[in-house]
Visitor: 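Okay, here's the structure, questions in a sec.
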Amino acid sequence: MMDEVDVVIVGAGPAGLALAADLQRRGLEVALVDENAARRSGSRAVVLHARTLELLEPFGLASGLVAAGETLSGATVWAGSEPIVRLDFDELGSRFAHLLVVTQAELEGALASALEGAGGRVLRETRLERFRQDGTGVTATLRDPSGERTLRAGWLVGADGAESTVREALEVPMESRGEALSVLVADVSLEWDLRDDRLNGFVGETGIVSALPTKGGRHRVLATLPSAPEASSEAPTLDDLSTLFALQASVNAKLSDARAIERRDVRLRQAGSYRDDRVFLVGDAAHVQDAFLAQGLNTGIQDALNLGWKLALVHRGDARASLLDTYDEERRRVGAALVEGAEAALRVLNVKSASIKAMREPLGRFLGSIEALQQRVARELSELSVGYERSSIVHEDKTSLLNARLGSAAGGDTPTIASVREFAAGPSAGQRAPDARASVAGQSGTKRLYEVLDAKRHALLLFDGRSSTAEGYDRFRAIVLDVRAAYGELVAPWVVTPRSARPEGLPAEVPVLLDPDGELEQRYAASTECVYLLRPDLYVGYRSQPADGAALLRFLGRILRKVS
């Protein structure tokens, strides 16, 4: 017999679970298969960055993960006994202004609960044997303890790790970057004098080590081997790890009570393509990154949440099929940038040349003293700077300074010279949508924008700026009605006003966000009339200054299909 589902996902790691939960909550039926009999157990630690936590918040998972894990205020890189780079995360502009350390078991458990809450589950002890795709779908042959079964699906996703069988079946090459690294990894008790609310890394004469505080007063320690010798049949020991730690870190430290010491051989790699017609790759199946910068798992979850909304819209017939091309376009570019950045960072930190080493420390101290540069690096590490500005599905329409008026923002709806300059420095199309607090008209108290938005739909924010005119509200009303007529519930409109009460010029059916403290206005550079369209994955898809309903509809028509 052949069963039918909407999507088959192979691999129930974090990326596969995140994608399955996202698709299920968007109304698709998913078969998530994994050959393992049970979820991972143990204390294998993972780092979740601010942007990943923001994207998991609509699932209702972020607060629980923060409570279960250990939050770190920053990161310090040491050379000898001196810090050469110091990053602090308290000014990230995110609710999650920290690194979060949780176990992989806790993360996967939370994602599995979200999947089950949406009506899905993991099919355990189930292996993908083979698949075949055609013009209308994918036929997947699976094997479980009862034998073979066949599933027919619209799409198949490989989330099955670095040695992906899906990728191998597609014959998609993995392109390597940089030198291979051999790393010892262990969960240990660590006695030393350094603060335990930070990630500490050390660059030494023959390699690098890092110590990541975890829940319960323990540390996850990683140490590079000086070279990559042939694999030994002997398991690494605590003495091996202690010796490497002492070689690289000029700090008195005692390692004890080691758990799960293992050697990993890691090489930065990226798939040549993330998509083959109806089959996609996410997570480690698409890219392998190093453990020191803690980017790989976060990038995999963000792959999944970039693909999820697009796949759901196309599968339901609500979006043009070309929207799926942008998954590979956007995420492979992000993956390449992160792989290249990791390669450059490791090359600098793990340099062998004595002359370059002599330059590295003073240069690092100098660069680390520049606050703006520190903040930029912190944002990049937290993946808040990841964006899609070069994507084919983002766009913006801006007023030229030559067409701007003199005067204040309160003097009319059209842009002023100051507001044009302000808007140019605001969040561009393709960048992360900023979060801020506001009030929903008719409700008490304030909420964060991310709490208000429905992450299953596009959100249209119509900022009326500091000027209030009947013509402006008539224009907003017309835009809302036109968007609703063309796209129904696919787009959720909001008028954002700096006033403390609902404007009288708006019809009752138009929802309003009150922003009297100007938090949203400041974050979105919206002192005069403008429009922002936010994608379901909380990135800016389109913006214009001033509001232009015809241009907005043209943009939406490039992505969505009209409902009538």
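Bear in mind that the values here come from a model prediction, so they are computed numbers and not experimental data.
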Visitor: Using a strict threshold of under 4.0 Å (side-chain N to carboxylate O), is an ion pair present between D328 and R331?
Guide: no
Visitor: Is there a side-chain contact between L241 and V188 in this structure, where contact means two heavy atoms from C-beta onward sitting under 4.5 Å apart?
Guide: yes
Visitor: Is it true that, when you exclude K254 itself, more than 12 heavy atoms of the residues, nucleotides or ligands shown sit nearer than 6.0 Å to its NZ?
Guide: no
Visitor: When you measure from the centre of the six-membered ring of F96, is the NZ or CZ of R448 under 6.0 Å away and within 45° of the axis?
Guide: no
Visitor: Quick one: CG on L99 to CG on L381, what's the gap to the nearest 0.5 Å?
Guide: 6.0 Å
Visitor: Below 4.0 angstrom, N of the basic side chain to O of the carboxylate: do E163 and R269 qualify?
Guide: yes
Visitor: What's the spacing between R26 CZ and L313 CG if we round to 0.5 Å?
Guide: 7.5 Å
Visitor: Checking D454 side chain against K456 main chain: does a donor-acceptor pair fall under 3.5 Å?
Guide: yes
Visitor: With a 3.5 Å distance limit and no angle check, can you tell me whether R263 reaches the backbone of P236 through a side-chain donor-acceptor pair?
Guide: no
Visitor: Which atom names give the shortest non-hydrogen contact between L268 and V339, and what distance separates them?
Guide: CD1-O, 3.8 Å
Visitor: Hey, are R220 and T214 close enough side-chain-wise for a donor-acceptor pair under 3.5 Å?
Guide: no
Visitor: Are the side chain of S164 and the backbone N or O of A162 linked by a donor-acceptor pair below 3.5 Å?
Guide: no
Visitor: Determine whether a donor-acceptor pair (N or O, by modelled atom type, separation under 3.5 Å) exists between the side chain of D6 and the backbone of E29.
Guide: yes
Visitor: With a 3.5 Å cut-off and no angle check, do the side chains of R379 and S385 form a donor-acceptor pair?
Guide: no
Visitor: Whether the side chain of K215 engages the backbone of G69 through a donor-acceptor N/O pair (distance < 3.5 Å, no angle test) should be reported.
Guide: yes
Visitor: Could you check if a side-chain atom of L128 sits within less than 4.5 angstrom of a side-chain atom of R143, using non-hydrogen atoms only?
Guide: no
Visitor: Please determine, by modelled atom types, if T52 and N298 share a side-chain donor-acceptor pair under 3.5 angstrom.
Guide: yes
Visitor: Any side-chain heavy atom of L307 within less than 4.5 Å of one from D303?
Guide: no
Visitor: Considering all heavy atoms of both residues, which atom of L297 and which atom of V47 are nearest to each other, and what is their separation?
Guide: CD2-O, 4.4 Å
Visitor: Is there side-chain contact between V85 and W78, with heavy atoms separated by less than 4.5 Å?
Guide: no
Visitor: Which distance, rounded to the nearest 0.5 Å, do you find between the CG of L61 and the CG of L55?
Guide: 12.0 Å
Visitor: Would you say E330 and N306 are linked by a side-chain donor-acceptor pair, where the criterion is simply a distance under 3.5 Å?
Guide: yes
Visitor: For D34, is there an ion pair with R39 - N to carboxylate O distance below 4.0 angstrom?
Guide: no
Visitor: Output, in order, the C-alpha distance, side-chain angles, deciding distance and verdict of side chain to side chain donor-acceptor pair (under 3.5 Å) for H219 and D187.
Guide: CA-CA 6 Å; H219 286 74; D187 176 23; over 6 Å; no
Visitor: Scan side-chain atoms only and decide if D240 and T237 contain a donor-acceptor pair under the 3.5 Å cut-off.
Guide: yes
Visitor: I would like to know whether S391 and E329 meet side chain to side chain contact (heavy atoms under 4.5 Å, CB included); could you show each step before the answer?
Guide: CA-CA 7 Å; S391 170; E329 175 193 345; 3.9 Å; yes
Visitor: Do side-chain atoms of R130 reach the backbone of A140 as a donor and acceptor pair under 3.5 angstrom?
Guide: no
Visitor: Test side chain to side chain contact (heavy atoms under 4.5 Å, CB included) on T326 and Y388; report intermediate values, then the result.
Guide: CA-CA 10 Å; T326 67; Y388 309 118; over 6 Å; no
Visitor: Check the angle between the aromatic planes of W309 and H458 and answer parallel, tilted or perpendicular using the 30° and 60° thresholds.
Guide: perpendicular
Visitor: Is any side-chain N of the basic residue among D537 and K310 closer than 4.0 Å to the acidic one's carboxylate O?
Guide: no
Visitor: So L538 and L453, do their side chains get closer than 4.5 Å, heavy atoms only?
Guide: yes
Visitor: Say you draw a straight line from CG of L92 to CD of E54; how long is it, rounded to the nearest 0.5 Å?
Guide: 9.0 Å
Visitor: Between Q133 and R278 (side chain of the first, backbone of the second, donor and acceptor by atom type, cut-off under 3.5 Å), is there such a pair?
Guide: yes
Visitor: Over 60° means perpendicular and under 30° means parallel, so classify the ring planes of H287 and Y274, tilted if in between.
Guide: tilted
Visitor: Out of curiosity, I9 CD1 to L123 CG, how far, rounded to the nearest 0.5 Å?
Guide: 11.0 Å
Visitor: Would you say the side-chain atoms of S113 and E116 include a donor-acceptor pair closer than 3.5 Å?
Guide: no
Visitor: Is R275 salt-bridged to D325, going by a charged N under 4.0 Å from an acidic O?
Guide: yes
Visitor: Hey, does V203 have a side-chain heavy atom less than 4.5 Å from the side chain of Q248?
Guide: no
Visitor: I'd like to know if D265 pairs up with R267 as an ion pair, taking the criterion as any Lys NZ or Arg NE/NH1/NH2 lying under 4.0 Å from an Asp or Glu carboxylate oxygen.
Guide: no
Visitor: Do the non-hydrogen side-chain atoms of L48 and L107 ever get within less than 4.5 Å of each other?
Guide: yes
Visitor: Would you indicate whether the side-chain heavy atoms of L111 and P14 approach each other to under 4.5 Å?
Guide: yes
Visitor: Nearest 0.5 Å, please: how far is CG in L115 from CD in Q24?
Guide: 6.0 Å
Visitor: Run the side chain to side chain contact (heavy atoms under 4.5 Å, CB included) check on L311 and D22 step by step: do they pass?
Guide: CA-CA 10 Å; L311 191 54; D22 196 31; over 6 Å; no
Visitor: If you draw the axis of the six-membered ring of Y450, does the NZ or CZ of R95 fall within 45° of it and under 6.0 Å from the ring centre?
Guide: no
